[in-house]
Amino acid sequence: MPSTEDTRVPKDRPVVPPTRRDRIAASGSELIGGPIGRWAWYGTSRLTPVRVVALVAIGMFALGMVQKMPCYEWAWFRGASSQYTHACYSDIPHLFLGRGFSENLVPYFDQLSGDMQYLEYPVLTGLFMEVASWLTPGGGDIQHREQIYWMVNAGMLMICAVVIAVCVARTHRHRPWDALLLALAPAFALTATINWDLLAVALLAAGMLMWSRGRPLAFGILIGLATAAKLYPVLLLGPLLVLCWRAGRLREFGVALGGTATSWLLVNLPVMLLAPEGWKKFYTFSQERQVDFGSFWLIITQRTGRSLEVETVNTWSMVLMVLACAGIAGLALTAPRRPRFAQLAFLVVAAFILTNKVYSPQYVLWLIPLAALARPRWRDFLIWQACEVMYFLGIWMYLAYTTSGDAHKGLPTEGYQLAIALHLLGTLYLCAVVVRDILLPERDGVRRDGSDDPSGGVLDGAPDVFVLGQTARPKEYAAHTVEASQRVSWGVRPPGAA
């Protein structure tokens, strides 16, 4: 059985063609000429896999913009119901007026009129919104300015989408075509311009790329910036800690943690000191927010007819999240082979989404890049995407129902609950197959060519130094003791083994 030192993928290993490994990909390739042949000649075109992925991502993003055209032309401005019946709602034009950007108010410093006293977004997202307002001309009526503001933001978010696609394509060095899962994801195109989440997703994807290249400081800096744009990226430090603990790479984790804390603090500290009330609005709003759309908590409240206290929901959400993270940590330390970083990153973000008290439709963007890296199989990915598209349609049809008065156009409460259940079940299904790959690493498609962890950076091919349970004892195709201590290494399942 070979040792971990023998399992690194050579840098000259050829690109993995998905049409030879995935039946769904092979079937889908019939639209462009069929699966690649055994005598195909690689490297003869300027259209490299990364460039193809980037172009496809741009095309799908453009289709998502076209899907928003009914709202861009009139539905955002003519009553609430129309933007829901056309499923083209976006926060961007509404918050241009509602958060003072149309009046040149400074986020976090200038108080707003109405229920929301300050901008309820993290600092880096607030800066992104402010820069877009600077690029929006000041003349013309407010409707025209809202349209231009959305278009400016869409252009900036398209850049983020391309960054995400390129980073995902380059993270697994020999599997760039896996990024087509992201580029072609229907939920990605449909939700990309609802809000500003793509900024944080792009920074996180760039951070994952840096970690895969063995650059923990750059990873930490980018994760800190991503956390300054959206809270969820900081969750990746949890699974990274467990993996570094198992591999004895805590020094690199410390470098990443220091970079995260430093970059986050550098972005937040000026606003924290000069506008403390505005700065903390995001955090207080997150705590005080009631049970909202998309969560299983909403199903409970609607089915029982009883409202839940926000403090109770916050407490139980935290308890469930802690239990989920403990389970993920236990899985990481007892798995027969050390899980890949992308697998655990996907599981921990999915756990946060499943236990949270709100699930806005654009939150799917958080998971799509991680899913493409964690489980690059078209069948499972498309099943999950189908559930997310149904939820995307369900929430808008439900809002159309609740805003159309006696006409009741749209989806009633029971139908919306079914849409939430589909989202939850689809996400749980993808989590289940990722967990199965961890427990049965021979089922993991990424590892079938002998790879260990292409996105693992310093973890890729590193021997284990701490494990728990059965993994600490000799086991076929899993782990074997190399010293009298608990230091272990793993082997690769031989080709053709049953």
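All heavy atoms count here, side chains included; hydrogens, waters and symmetry mates do not. These figures come from a predicted structure and were not determined experimentally.
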So how far is it from [X] [atom1] to [Y] [atom2], rounded to the nearest 0.5 Å?
{"X": "L430", "Y": "L425", "atom1": "CG", "atom2": "CG", "result": "13.0 Å"}
{"X": "L97", "Y": "Q143", "atom1": "CG", "atom2": "CD", "result": "12.0 Å"}
{"X": "L344", "Y": "L240", "atom1": "CG", "atom2": "CG", "result": "9.5 Å"}
{"X": "W316", "Y": "I300", "atom1": "CH2", "atom2": "CD1", "result": "11.0 Å"}
{"X": "L422", "Y": "T427", "atom1": "CG", "atom2": "OG1", "result": "10.5 Å"}
{"X": "Q343", "Y": "S455", "atom1": "CD", "atom2": "OG", "result": "8.5 Å"}

- [ ] Anything under 30° is parallel, anything over 60° is perpendicular, the rest tilted; go ahead and classify Y121 against W196.
- [x]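 The arrangement is perpendicular - the two ring planes meet at more than 60°.
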What's the shortest heavy-atom distance between [X] and [Y], and which atoms?
{"X": "I353", "Y": "Y363", "value": "CD1-O, 3.8 Å"}
{"X": "R145", "Y": "G139", "value": "CG-O, 3.5 Å"}
{"X": "E120", "Y": "K281", "value": "CA-CG, 4.2 Å"}
{"X": "A218", "Y": "M210", "value": "CB-CG, 3.8 Å"}
{"X": "A374", "Y": "F346", "value": "CB-CB, 3.9 Å"}
{"X": "R249", "Y": "V458", "value": "NE-O, 3.6 Å"}

- [ ] Decide yes or no on side-chain contact (heavy atoms from CB on, under 4.5 Å) for E252 and R215, but give the supporting numbers first.
- [x] CA-CA 9 Å; E252 287 82 356; R215 300 174 62 182; over 6 Å; no
Between [Y] and [X], is there a side-chain heavy-atom distance shorter than 4.5 Å?
{"X": "L112", "Y": "Q117", "result": "no"}
{"X": "E277", "Y": "Y108", "result": "no"}
{"X": "I420", "Y": "F296", "result": "no"}
{"X": "P369", "Y": "V201", "result": "yes"}
{"X": "I438", "Y": "R340", "result": "no"}
{"X": "L222", "Y": "L204", "result": "no"}
{"X": "L298", "Y": "S295", "result": "yes"}
{"X": "V163", "Y": "L198", "result": "no"}

Is the number of heavy atoms from other residues, nucleotides or ligands within 6.0 Å of [atom1] ([X]) greater than 12?
{"X": "R251", "atom1": "CZ", "value": "no"}
{"X": "E414", "atom1": "CD", "value": "yes"}
{"X": "M318", "atom1": "CE", "value": "no"}

Where the side chain of [X] meets the backbone of [Y], is there a donor-acceptor pair that is under 3.5 Å apart?
{"X": "T260", "Y": "I223", "result": "no"}
{"X": "N356", "Y": "F352", "result": "no"}
{"X": "S360", "Y": "Q362", "result": "no"}
{"X": "S212", "Y": "L209", "result": "yes"}
{"X": "W211", "Y": "G456", "result": "yes"}
{"X": "R170", "Y": "P176", "result": "no"}
{"X": "T402", "Y": "L399", "result": "yes"}
{"X": "R246", "Y": "A332", "result": "yes"}
{"X": "Y84", "Y": "I395", "result": "no"}
{"X": "Q385", "Y": "A187", "result": "yes"}

- [ ] Could you check E288 against V310 for side-chain contact (heavy atoms from CB on, under 4.5 Å), going step by step and ending with a plain yes or no?
- [x] CA-CA 7 Å; E288 297 168 357; V310 65; 5.8 Å; no
Task: Ring centroid separation F466 to W245 under 6.0 Å - done: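 Centroid separation for F466 and W245: below 6.0 Å.
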Open item on the list: Taking the ring of W384 and the ring of H423, is the distance between their centroids below 6.0 Å?
Closed with: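 No: the rings miss the under 6.0 Å criterion.
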Carboxylate-amine/guanidinium contact [X] [Y], below 4.0 Å:
{"X": "D292", "Y": "K357", "result": "no"}
{"X": "D380", "Y": "R377", "result": "no"}
{"X": "R338", "Y": "D453", "result": "no"}

Distance-only donor-acceptor check, side chains [X] and [Y], under 3.5 Å:
{"X": "D91", "Y": "Y89", "result": "yes"}
{"X": "E146", "Y": "W150", "result": "no"}
{"X": "Y416", "Y": "Y391", "result": "yes"}

TODO: Determine, stepwise, if the pair M129 / F101 fulfils side-chain contact (heavy atoms from CB on, under 4.5 Å).
DONE: CA-CA 8 Å; M129 300 162 75; F101 294 104; 3.6 Å; yes
TODO: Determine, stepwise, if the pair Y72 / M151 fulfils side-chain contact (heavy atoms from CB on, under 4.5 Å).
DONE: CA-CA 9 Å; Y72 178 86; M151 192 65 72; 3.9 Å; yes
